[in-house]
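Since the structure comes first, as structure tokens, the remarks are kept for the end.
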Amino acid sequence: MKNSTKIHAYKARKLALEGIYNAASGHPGGSLSIADILAVLYFEKMNIDPENPKMADRDRLVLSKGHCAPILYAMLAERGFFSTDLCSTLRRADSILQGHPDMKGVPGVDMSTGSLGQGISAANGMALSAKLDGKDFKVYAILGDGEIEEGQVWEAAMFAAHYKLDNLVAILDFNGLQIDGDIREVMNSTPIDKKFEAFNWNVITIDGHDYDQIRNAIEEAHKVEGKPSIIIAKCVKGKGVSFMENQAGWHGAAPNKEQFEQAISELDEALSALETE
Amino acid sequence: MAIGDKKATRESYGMALAQLGEKYDIVVMDADLSKSTKTDTFKKKFPERFINTGIAEGNMLSTAAGIASTGKIVFASSFAMFAAGRAFEQIRNSIGYPHLNVKIGATHAGISVGEDGATHQCLEDMGIMRTIPGMVIINPADHVEATAAVEAAVKYDGPVYLRFGRLPVPQIFDENTYKFEIGKGVQLAEGKDATIIATGLMVPYAMEARELLKNDGIDAAVINIHTIKPIDRDIIEKAARETGAIVTAEEHNVNCGLGSAVAEVLCETCPVPMLRVGTQDVFGKSGKPYELLKEYGLSAENIAENVKKAIALKTR
């Protein structure tokens with residue numbers, strides 16, 4: 001089906017919101033913004049096996065912006081790593097689904113993250129290990145645009161270019177908002193593309209909700225030799241739920257019952273449109 | 001090397017890595033200090049498995065976590081101050097929480113760093129590392145123990161913090177008979193009046209203190225604790241029951257290292273009078289290593305003095 005990947009993205013959006021709603025806590029804004037990118041990775045690009053989540057030479061994904069765990073779990077469940085029913089247990093004391101990704105407890109999670117800036121370094125380590133062993137698996141790291149204010153990101157950026165980690169693709173969720181507001185007002189990290197270019201990275205800028213642009217960018221990144229690539233994906237924080245879009249307030253807030261029901265009905269509407277297209 | 005010959009445990013670390021590199025698929029990382037941490041010994045032999053991160057310790061430790069997640073054994077090295085101190089949170093969250101197979105080779109621990117002064121004399125690393133669930137902490141006393149500790153760390157599946165010194169220290173163990181087991185204290189001398197529990201370069205001072213105390217008719221036992229965590233609770237409890245007074249000796253702040261760890265065990269098992277030799281919650285300063293050790297009370301004489309005080313507390 002033409003829209004199958006996008007359908008997974010919208011189903012995952014619903015699962016992520018169900019978890020956040022039930023937990024009455026979590027991070028919807030940045031989860032919704034990267035749903036389309038994760039769907040392309042998990043359903044079209046990554047060499048993974050839900051039956052064998054620790055497969056030695058699998059591609060790896062590090063959610064460096066670990067607070068967006070709800071959408072990572074939702075995507076892994078959609079992909080078959082565990083039951084989609086589990087998504088509604090997010091953040092509960094009796095659940096494996098921790099508030100931030102836990103590689104020990106959740107099948108398909110490749111690195112424990114949550115403290116910003118560390119995941120990109122870990123992704124570098126995986127990519128370097130592949131180089132040391134002459135293996136050809138790929139490593140993807142998902143960064144937040146607020147996250148790059150952490151100095152460690154730039155230590156890692158130097159490292160990845162120095163060691164020519166062309167098997168690493170970082171994807172930056174450039175939605176322009178962080179907890180305290182507009183990233184340009186909190187701490188201006190722009191121009192982001194020029195910074196990564198200056199750090200000797202291959203930089204690709206796309207619309208993070210345009211499936212063909214996402215696909216092409218990943219393909220282009222894999223063709224580049226001798227340097228790491230970063231895809232700067234212009235995204236809409238809260239994408240897919242009208243009242244959450246472009247609102248910093250939805251960074252780390254759970255919807256109430258009425259809001260949740262509205263969000264689900266909007267996502268259902270989008271889904272039925274996709275399914276009949 | 002023979003007993004009494006001096007070698008810094010950081011040298012032993014570098015030599016052990018170079019040797020173990022033949023047998024095990026280990027990766028060694030450093031943050032621009034390979035000549036000082038002695039990982040350059042490994043680098044010369046296995047340049048393809050040596051990764052310099054430049055001066056970026058936090059990045060080094062998180063990168064080590066990523067390499068370890070693919071099944072490799074990684075040693076990440078820096079000075080204790082910048083490994084345990086600067087990169088604490090990376091160690092806690094990227095390595096400790098997922099219990100990854102990263103070994104932290106922390107050199108230049110303690111006041112015997114000398115001339116570089118307080119900013120480089122790490123006196124709190126054992127305490128910092130003790131707060132991380134599942135972290136193994138080893139503080140070897142001499143070349144033989146340090147060499148054995150590195151191999152034990154390779155064989156252990158999980159994070160290990162290895163603490164090494166800059167100052168050459170005398171070999172005290174016989175390499176032909178020495179046995180190392182993570183978490184096992186070593187009874188170096190029996191005694192009936194008190195027990196000195198020492199770690200790292202304080203171990204030979206503890207043995208010397210035992211000799212000094214003989215002149216006063218005091219028979220002190222000596223235990224070497226190379227593994228600060230998990231600490232050997234049994235040997236500590238037994239020492240308390242049999243000798244009734246304990247003195248700890250460490251090149252570290254007494255408030256969070258060996259002294260604290262032993263006090264915790266005693267309080268929960270067999271409370272007896274106890275005193276702690278180490279730096280007394282102060283920063284160090286520049287000076288010659290041996291001058292500093294003496295000035296901060298890290299000496300056989302001060303251990304002996306504290307043993308007498310601890311014995312006096314027994315009779316109250």
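Letters A, B, ... are given to chains in the order of the sequence lines, protein chains preceding strands, and every chain is numbered from 1.
Although no hydrogens or angles enter the test, the distance criterion places a donor-acceptor pair under 3.5 Å between the side chain of A:Glu155 and the main chain of B:Asn59.
The candidate with the highest count of non-hydrogen atom pairs below 4.5 Å against chain B, out of A:Asp57, A:Asp110, A:Asp133, is A:Asp133. With chain B as the partner, the residue from A:Ala156, A:Ala130, A:Ser121 showing the most heavy-atom pairs under 4.5 Å is A:Ser121.
Remark: B:Lys44 engages B:Asp40 in a salt bridge (Lys or Arg N to Asp or Glu O under 4.0 Å) (not counting sequence neighbours). Annotation: salt bridge (Lys or Arg N to Asp or Glu O under 4.0 Å) contacts of B:Glu181 (sequence neighbours excluded): none. Evaluation of the side chain to side chain donor-acceptor pair (under 3.5 Å) rule for A:Asn167 yields no partner, not counting sequence neighbours.
For the pair B:Tyr97 and A:Pro101, the tightest heavy-atom approach, listed with the atom from each and the gap, is CE2-O, 4.5 Å.
A donor-acceptor pair shorter than 3.5 Å can be found between the side chains of B:Thr70 and A:Ser129.
The structure places CD1 of B:Ile67 at 10.5 Å from CE of A:Met126, a figure rounded to the nearest 0.5 Å. Within the model, atoms CD of A:Gln152 and CD of B:Glu57 stand 11.0 Å from one another, a figure rounded to the nearest 0.5 Å. Within the model, atoms OG of A:Ser112 and CG of B:Leu100 stand 7.0 Å from one another, a figure rounded to the nearest 0.5 Å. Separation of atoms CG (A:Leu128) and NZ (B:Lys72) is listed at 9.0 Å; rounding is to 0.5 Å. To the nearest 0.5 Å, atoms CD1 (B:Ile51) and CG (A:Asn124) are separated by 11.0 Å. Atom OG of B:Ser69 is separated from atom CE of A:Met111 by 4.0 Å, given to the nearest 0.5 angstrom.
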Practice item. In sequence, state the C-alpha distance, the side-chain angles, and the governing distance for B:Glu48 and A:Leu132, and then conclude on side-chain contact (heavy atoms from CB on, under 4.5 Å). Key: CA-CA 8 Å; B:Glu48 71 289 353; A:Leu132 288 175; 5.5 Å; no
Exercise for review: Run the numbers on A:Tyr163 and B:Thr53 for side-chain contact (heavy atoms from CB on, under 4.5 Å), then give the verdict.
Suggested key: CA-CA 10 Å; A:Tyr163 285 99; B:Thr53 64; over 6 Å; no
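Within 6.0 Å of CG on A:Asp136 lie no more than 12 heavy atoms contributed by other residues, nucleotides or ligands. The environment of NZ in A:Lys164 is sparse: at most 12 heavy-atom neighbours from other residues, nucleotides or ligands sit within 6.0 Å. Annotation: A:Asn52, atom CG; neighbour count of heavy atoms from other residues, nucleotides and ligands within 6.0 Å is above 12. Counting non-hydrogen atoms of neighbouring residues, nucleotides and ligands closer than 6.0 angstrom, the NZ atom of A:Lys54 exceeds 12 such neighbours. Under a cut-off of 6.0 angstrom, the local environment of CE in A:Met187 is sparse, with at most 12 non-hydrogen atoms contributed by other residues, nucleotides or ligands. Within a 6.0 Å sphere centred on NZ of B:Lys184, heavy atoms belonging to other residues, nucleotides or ligands number 12 at most. Residue-environment remark: CZ (B:Arg86) stays at or below the threshold of 12 foreign heavy atoms within 6.0 Å.
With A:Ser115 as reference, B:Glu89 is the one residue of B:Gln90, B:Arg92, B:Glu89 to meet the side chain to side chain donor-acceptor pair (under 3.5 Å) rule.
Of residues 7-28 of chain B, those residues with a non-hydrogen atom less than 4.5 Å from any non-hydrogen atom of chain A are, in numerical order, B:Val27.
Looking at A:Gln98, only its side chain comes within 4.5 Å of chain B, counting heavy atoms on both sides.
In this structure, the side chains of B:Asn52 and A:His162 stay at 4.5 Å or more apart for every pair of heavy atoms.
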